[in-house]
There are 2 protein chains.
Amino acid sequence: MVKPIHLDEQLCFSIYKAQKQFNHFYAQALAPFKLTYPQYITLLSLYEHGTMSVKEVGQTLALDSGTLTPLMKRLEKDGWITRKRSAVDERRVDVSLTAKALSLRDEIYEHVGSCVSAIDLSHDEFEAVKTGVDNVDAKLTAAITQPTR
Amino acid sequence: MVKPIHLDEQLCFSIYKAQKQFNHFYAQALAPFKLTYPQYITLLSLYEHGTMSVKEVGQTLALDSGTLTPLMKRLEKDGWITRKRSAVDERRVDVSLTAKALSLRDEIYEHVGSCVSAIDLSHDEFEAVKTGVDNVDAKLTAAITQPTR
DNA sequence: ATCAATATTATTGTACACGATTATTTTGCT
DNA sequence: AGCAAAATAATCGTGTACAATAATATTGAT
């Protein structure tokens with residue numbers, strides 16, 4: 001007497017698909033800048049907080065060095081950021097935005113903003129979904145750290 | 001006069017993080033079976049629909065052969081599925097569940113079900129979030145195929 | 001001051017994801 | 001029948017993710 005699991009009734013699957021659609025959406029929106037979505041949110045975090053260590057960027061994005069180190073190297077190669085060992089603490093690598101990144105900031109904001117507003121989603125629904133998803137994320141975090149019973 | 005973009009106010013970022021948490025959650029839940037989340041949903045689809053071609057599986061999961069071919073080979077190596085060229089249409093590769101997969105089905109359903117119920121989420125909120133996310137997914141799909149204006 | 005514990009980044013290995021291309025087979029048009 | 005167009009998988013290249021490990025630097029307790 002086991003209840004069958006139907007894929008289309010799974011919240012995880014809805015979120016899995018929506019995340020892929022967002023990726024696709026941002027791939028189009030960011031194409032003029034030749035940025036991927038993870039690269040874009042890395043820049044967003046740096047625009048917001050200024051120069052940070054790799055660790056600190058990782059905390060804002062929930063990513064570790066295994067993901068960020070190669071991603072940062074690509075951003076550096078494409079002239080968006082610079083990476084420099086901290087003189088104060090030689091373990092740290094400080095990541096800073098280049099003049100190019102700073103000068104293109106408003107253009108990115110404007111272009112992405114116009115693409116996003118093309119999604120026909122009311123402010124209220126946006127907020128409702130975001131609150132709900134954030135809550136699910138929190139519940140998952142609690143369920144993961146906690147033993148399952 | 002460009003409005004700044006704050007990462008934590010972005011719905012895409014909430015969904016991005018929630019998807020990663022689900023991945024983490026299922027990695028724990030599926031550890032006894034040595035399955036990843038994408039492998040798990042592939043089995044779910046096969047449990048639901050029976051033998052299908054790679055193309056058909058791809059349609060149920062929104063994945064293409066570039067992802068599925070190597071994933072299927074791993075599932076085959078681990079004894080979950082068999083792959084066979086269709087006799088009727090030599091272009092197709094039919095994917096079928098093995099006796100192992102069929103015999104473990106209820107065990108997987110039960111174990112995953114108990115893990116999921118450990119997430120403290122009311123039925124109503126579950127439905128509300130899922131409906132909202134599905135709607136966002138649909139709006140994104142419309143925004144992508146449609147030109148941005 | 002010493003040295004074990006800790007912190008930070010980089011590296012390695014495995015597994016997706018997906019666009020683009022290739023190889024093979026089937027279908028549809030004449 | 002003959003052949004261009006379409007369909008299906010596989011392959012290749014690039015870019016995440018993340019666990020585990022390694023390498024180096026810092027801190028803290030004695």
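Owing to the predicted nature of the structure, the values given are computational and were not obtained by experimental measurement.
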Handout entry: Start and end of the DNA chain D segment that chain A contacts, any atom under 4.0 Å from a heavy atom
Key = D:dG15 to D:dT26

Exercise for the section: Please state how far atom CG in A:Leu71 lies from atom P in C:dA17, giving the value in whole angstrom units. Expected result: 18 Å

Handout entry: Whole-Å distance separating the CG atom of B:Leu61 from the C1' atom of C:dC18
Key = 15 Å

Problem - d(NZ, A:Lys55; P, C:dT6) in whole Å - result: 14 Å

Practice task
Looking at every strand, decide which applies to A:Leu68 at a 4.0 Å heavy-atom threshold: base, sugar-phosphate, or nothing.
Solution key: nothing

Problem - Gap between atoms CZ and P, on B:Arg74 and C:dA17 respectively (whole Å) - result: 10 Å

Practice task
Decide yes or no for B:Ile41 and A:Leu7: does some side-chain heavy atom of the first lie under 4.5 Å from some side-chain heavy atom of the second?
Solution key: yes

Practice task
Check whether any side-chain N or O of B:Arg85 sits under 4.0 Å from OP1 or OP2 of C:dT26, and answer yes or no.
Solution key: no

Fill in the blank from the handout: Tested for side chain to side chain contact (heavy atoms under 4.5 Å, CB included) against A:Leu43, the lone hit among A:Leu30, A:Leu97, A:Leu104 is A:Leu97

Problem - A:Ser53 side-chain N/O to C:dT9 phosphate OP1/OP2 under 4.0 Å - result: yes

Problem - Salt bridge A:Arg74-A:Asp78, side-chain N to carboxylate O under 4.0 Å - result: no

Practice task
Tell me what A:Thr36 touches on the nucleic acid: a base, only sugar-phosphate, or nothing, going by heavy atoms under 4.0 Å.
Solution key: sugar-phosphate

Practice task
Report yes or no: does A:Thr98 contribute a side-chain atom to a donor-acceptor pair with the main-chain N or O of A:Trp80 at less than 3.5 Å?
Solution key: yes

Problem - Test: A:Arg92 and A:Asp94 ion pair at under 4.0 Å - result: yes

Practice task
Name the nucleic acid region contacted by A:Val88, choosing base, sugar-phosphate or nothing; use a 4.0 angstrom heavy-atom cut-off, strictly under.
Solution key: sugar-phosphate

Practice task
To the nearest Å, give me how far apart CD1 (B:Ile144) and C1' (C:dG19) are.
Solution key: 14 Å

Exercise for the section: Please report, rounded to the nearest Å, how far the P atom of C:dT9 is from the CG atom of A:Leu63. Expected result: 14 Å

Problem - DNA chain C contacts among residues 16-26 of chain A, heavy-atom distance under 4.0 Å - result: A:Tyr16, A:Lys20

Completion exercise
Note: for B:Lys73 and A:Lys77 on DNA chain D, the residue whose nearest nucleotide lies more 5' is B:Lys73

Handout entry: Heavy-atom donor-acceptor pair, B:Lys139 side chain to A:Ile119 backbone, under 3.5 Å
Key = no

Exercise for the section: Take atom CD of A:Glu56 and atom C1' of C:dT9, then tell me their distance rounded to the nearest Å. Expected result: 13 Å

Practice task
Check for a donor-acceptor pair, side chain of B:Asp134 on one end and backbone N or O of B:Asp137 on the other, with a separation under 3.5 Å.
Solution key: no

Handout entry: Greater than 12 external heavy atoms within 6.0 Å of B:Lys100's NZ
Key = yes

Exercise for the section: Select base, sugar-phosphate, or nothing to describe what B:Asp64 touches, counting heavy atoms under 4.0 Å on all strands. Expected result: base

Problem - Centroid-centroid under 6.0 Å between B:Tyr16 and A:Phe22 rings - result: no

Practice task
Starting at atom CD of B:Gln39, determine the distance to atom P of C:dT14, rounded to an integer number of angstrom.
Solution key: 14 Å

Handout entry: Ion pair check, B:Glu90 and B:Arg85, cut-off under 4.0 Å
Key = no

Problem - Any B:Thr67 side-chain nitrogen or oxygen under 4.0 Å from OP1 or OP2 of C:dA17 - result: no

